[in-house]
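Notes follow the structure.
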Amino acid sequence: MCNVNISQESEGYLNFMEQQVKGEKDIDLEILRHSASHIMAQAVKELYPEAKLGIGPAIADGFYYDFAREAPFTPEDLAKIEEKMRSIIKADLPFLKSVVSRKDALDIFTELEEPYKLELLREIEDKEVTIYQQGSFTDLCRGPHLKSTGEARVFKLLNVAGAYWRGDERNVMLQRIYGTAFPEKEDLEKHLKNLEEAKKRDHRKLGRELGLFSIEEDVGLGLVLWHPRGAMVRKVIEDFWRDEHLKRGYELVYTPHIARSDLWRRSGHLDYFQEMMYPPMKTGAEDYLLKPMNCPFHIKIYKHKVRSYRELPIRYAELGTVYRYERSGVLHGLLRVRGFTQDDSHVFCTPEQLGDEIIGIIDLTQYMLKTFGYEEFETALSVRDPARKGDFLGDDEGWERAEASLSAALEKKNISYARMEGEATFYGPKIDIKLIDALGRGWQGPTIQLDFNLPSRLDVTYTAGDGKRREVVMIHRTVLGTMERFIGGLVEHYAGSFPTWLAPVQVRILTLSEKHEDYAREVLAQLEKKEIRAEIDSASETISYKVARAEREKIPYMLVVGDKEAKGSTVSVRERRSSHQGASKVEEFIARVEEEIKRKGLGERAPFPPVNREEEVKKGGDR
RNA sequence: GCUGGCGUAGCUCAGUGGUAGAGCAGGGGUUUUGUAAACCUCAGGUCGCCCGUUCAAAUCGGGCCGCCAGCUCCA
């Protein structure tokens with residue numbers, strides 16, 4: 001290993017203390033994790049001197065470091081690296097900071113044979129750079145770091161994955177090792193438990209177990225088959241969605257799945273979106289394309305006749321199924337698919353109406369998302385990059401006015417948001433809302449996008465009060481995103497235990513023996529009369545078995561019926577995830593459940609971490 | 001698309017060159033059950049696909065397909 005001689009001063013700890021005094025807890029974690037990444041890099045360089053360093057920052061849940069090396073890192077390598085890290089931590093090496101001239105730094109990393117560090121250095125314009133060293137390890141780094149390696153005791157390496165150098169797919173792919181570090185052991189254990197819990201909630205696993213959906217290889221990648229249970233959940237959501245839209249002045253439309261390629265040429269999709277579209281269908285005279293978006297159709301409906309300002313705003317809504325040819329590596333259960341149904345809407349209005357329309361949309365999204373049990377949101381306002389105006393369509397005035405309307409609406413609704421420069425679409429600024437789920441994870445939800453492109457491109461106008469034709473203001477918006485992604489997210493949010501109003505099967509009647517089937521059918525008939533989704537389990541099994549089965553299927557209510565119940569016209573009610581039970585008159589039970597469904601009650605959210613009955617039972621069995 | 005890992009019954013997983021296994025789920029039977037898994041029995045597999053090495057391949061090699069983690073991209 002190459003040793004480099006430079007004058008040193010220990011400053012890492014000072015930085016750490018300063019941050020602590022400021023009470024910036026996150027920064028503490030960041031320093032800890034960033035330091036852990038350096039310890040990992042040291043371990044890797046000691047074990048595999050041929051590995052070249054990429055970058056190694058702290059990230060939201062831990063840290064990573066990228067390495068260039070011929071041979072792949074195996075899980076066994078990770079164990080070895082962890083072991084080496086432990087010895088580095090035990091040695092309690094100080095993190096030493098040096099300030100050197102850029103030129104000296106170039107010499108140092110030339111001597112160390114670190115091409116990627118040299119590439120970074122060459123792009124730094126400052127005269128001086130900082131270098132951190134601990135033991136045999138030297139890194140170009142802004143810092144700050146811990147005082148010494150001994151302070152990063154609690155860590156774990158998690159996995160290896162490929163990552164393009166500097167995030168650009170035209171560059172070489174490096175090997176990224178992910179890990180995490182915490183101040184205390186309990187924090188790490190909690191984090192690992194969280195990861196496990198997330199795995200248990202995985203909508204792909206629950207989707208199969210609960211009979212919600214499947215994706216079959218011979219049907220096609222990213223194409224979802226909705227099984228009866230999943231289709232029922234979707235139906236309930238779609239009914240709710242339609243009702244809420246009709247209440248708020250939207251009009252429903254239906255549009256075809258394909259259209260002539262000329263339409264997509266005129267809309268600009270063939271210029272800007274072609275690589276995401278399935279190849280054309282040849283039908284002789286003219287090609288047809290599968291739709292990747294619904295907007296051109298809604299515009300055609302709008303343009304079917306001349307529109308007056310008196311008609312505006314016009315709000316068209318459609319659960320429109322679109323197809324996009326996503327790259328195979330990004331497909332992921334319901335969250336990333338190739339055929340999906342957007343809860344799409346296009347609002348056509350005058351510039352004066354824009355503010356109120358945005359507020360109306362925000363109200364609608366908040367109401368719907370809260371009904372589904374999401375309480376927390378993160379909002380971003382994406383605007384164009386002022387340095388790259390050429391990459392965005394439209395003039396300065398239009399962009400400024402649009403941004404002003406969007407931000408005014410957010411402020412009027414008292415919603416705090418992050419302003420994201422350069423994140424706008426090429427055709428206009430947008431508001432994105434992220435839902436935060438029961439595990440604190442973010443899910444892309446509603447998006448409200450202004451469009452400066454299509455109205456002018458497709459000549460979408462209205463006749464103003466002065467009799468002149470004016471270009472319409474067009475908003476694309478979605479509340480849930482897509483049915484696929486939204487339901488995938490809901491499954492994980494609820495860990496498969498849907499609140500009663502959404503549950504595909506709301507009630508299951510469990511017979512104690514064959515004798516009770518007739519009574520069970522009577523109860524079922526009463527439930528069905530009230531449109532409660534119910535079924536009977538009359539299998540020749542013990543009641544315990546049937547309870548276990550219903551619990552596994554996460555059915556909200558189990559009604560046990562036997563002699564006692566039949567005689568008294570009652571049912572023995574067991575709620576999902578609780579051993580609580582009690583006899584109830586059938587009518588009383590129905591009234592209660594009806595009320596719960598009507599108000600879309602959330603019930604108790606799946607506790608976190610949820611009670612794991614299987615483990616408890618096993619433990620109990622040991623005695 | 002790229003990097004790495006993985007692919008055995010519907011599901012979860014054993015099986016390291018010599019006749020494919022278990023549990024659960026499924027079918028049949030027995031039991032008629034009081035709140036998280038009764039008992040017996042039967043059936044179920046081109047070991048992802050193709051090519052190769054070998055007397056012999058689930059097992060070794062190559063290619064392809066798919067899945068998983070991540071990167072890039074995204075609703």
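Chain identifiers are assigned alphabetically (A, B, ...) following the order of the sequence lines, protein sequences preceding nucleic acid strands; residue numbering begins at 1 within each chain. Worth knowing before you read on, the calculation uses all heavy atoms, side chains too, and leaves out hydrogens, waters and symmetry mates.
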Say we look at [N] and [M]: how far apart would their [atom1] atoms be, to the nearest angstrom?
{"N": "B:G61", "M": "B:C2", "atom1": "C1'", "result": "24 Å"}
{"N": "B:C49", "M": "B:C11", "atom1": "C1'", "result": "23 Å"}
{"N": "B:G15", "M": "B:U59", "atom1": "C1'", "result": "9 Å"}
{"N": "B:U46", "M": "B:C73", "atom1": "P", "result": "42 Å"}
{"N": "B:U33", "M": "B:A22", "atom1": "P", "result": "33 Å"}
{"N": "B:C47", "M": "B:A58", "atom1": "C1'", "result": "4 Å"}

Among side-chain atoms of [X] and [Y], is any donor-acceptor pair under 3.5 angstrom?
{"X": "A:His269", "Y": "A:Gln274", "answer": "no"}
{"X": "A:Thr478", "Y": "A:Asp343", "answer": "yes"}
{"X": "A:Asp61", "Y": "A:Thr180", "answer": "no"}
{"X": "A:Arg234", "Y": "A:Thr341", "answer": "yes"}
{"X": "A:Asp344", "Y": "A:His476", "answer": "no"}

What is the separation between atom [atom1] on [X] and atom [atom2] on [N], rounded to the nearest whole Å?
{"X": "A:Asp66", "N": "B:U72", "atom1": "CG", "atom2": "C1'", "answer": "13 Å"}
{"X": "A:Tyr325", "N": "B:C74", "atom1": "OH", "atom2": "C1'", "answer": "16 Å"}
{"X": "A:Glu169", "N": "B:C71", "atom1": "CD", "atom2": "P", "answer": "13 Å"}
{"X": "A:Phe67", "N": "B:G4", "atom1": "CZ", "atom2": "P", "answer": "17 Å"}
{"X": "A:Ile543", "N": "B:A36", "atom1": "CD1", "atom2": "P", "answer": "10 Å"}
{"X": "A:Lys205", "N": "B:C24", "atom1": "NZ", "atom2": "P", "answer": "18 Å"}
{"X": "A:His332", "N": "B:A75", "atom1": "NE2", "atom2": "C1'", "answer": "14 Å"}
{"X": "A:Leu158", "N": "B:G4", "atom1": "CG", "atom2": "C1'", "answer": "16 Å"}

Worksheet entry | Smallest separation among heavy atoms of A:Pro504 and A:Val233, with atom names |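 Nearest heavy atoms, A:Pro504 then A:Val233: CD-CG2, 3.6 Å.
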
Item to complete: Taking all heavy atoms of A:Gly488 and all of A:His203, pick out the closest pair and write down the distance.
Response: O-CB, 3.5 Å

Item to complete: Kindly state which residues belonging to residues 219-229 of chain A come within less than 4.0 angstrom of RNA chain B, counting heavy atoms of the residue only, listed by number.
Response: A:Leu221

Worksheet entry | Members of residues 479-489 of chain A that approach RNA chain B, where some heavy atom sits under 4.0 Å away |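 A:Gly481, A:Thr482, A:Arg485, in order of number.
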
For [N], give the paired nucleotide (Watson-Crick: N1-N3 plus N6-O4 or O6-N4; G-U: N1-O2 and O6-N3; both under 3.5 Å), or none.
{"N": "B:G45", "answer": "none"}
{"N": "B:G10", "answer": "B:C24"}
{"N": "B:A38", "answer": "B:U30"}
{"N": "B:G18", "answer": "B:C55"}
{"N": "B:C71", "answer": "B:G1"}

Worksheet item: A:Phe426 and A:Phe392: aromatic ring centres closer than 6.0 Å?
Response: no

Practice prompt. Using the six-membered ring for Trp and the full ring for Phe, Tyr or His, decide whether A:Tyr178 stacks on the six-membered base ring of B:G70 (centres under 5.5 Å, planes under 30°).
Written response: no

Worksheet item: Under 4.0 angstrom, heavy atoms only, what part of the nucleic acid is A:Glu551 near: base, sugar-phosphate, or nothing?
Response: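 If one applies the 4.0 Å heavy-atom cut-off, A:Glu551 turns out to touch a base.
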
Practice prompt. Using a heavy-atom cut-off of under 4.0 Å over every strand shown, decide if A:Asp563 touches base, sugar-phosphate, or nothing.
Written response: base

Worksheet item: Is A:Tyr545 near enough to B:C24 that one of its side-chain N or O atoms lies under 4.0 angstrom from OP1 or OP2?
Response: no

Practice prompt. Please determine if a side-chain N or O atom of A:Arg574 lies less than 4.0 Å away from the OP1 or OP2 oxygen of B:A36.
Written response: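 Indeed, a polar side-chain atom of A:Arg574 lies that close.
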
Practice prompt. Answer yes or no on whether A:Arg338 is positioned over the face of A:Tyr323, meaning its NZ or CZ is under 6.0 Å from the six-membered ring centre and within 45° of the axis.
Written response: no

Worksheet item: Do A:Ile487 and A:Trp226 come within less than 4.5 Å of each other through their side chains, counting heavy atoms only?
Response: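 Yes; the side chains approach each other to less than 4.5 Å.
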
Worksheet item: Nearest of B:U30, B:A36, B:G26 to any side-chain atom of A:Val547?
Response: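 Shortest atom-to-atom distance from the side chain points to B:A36.
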
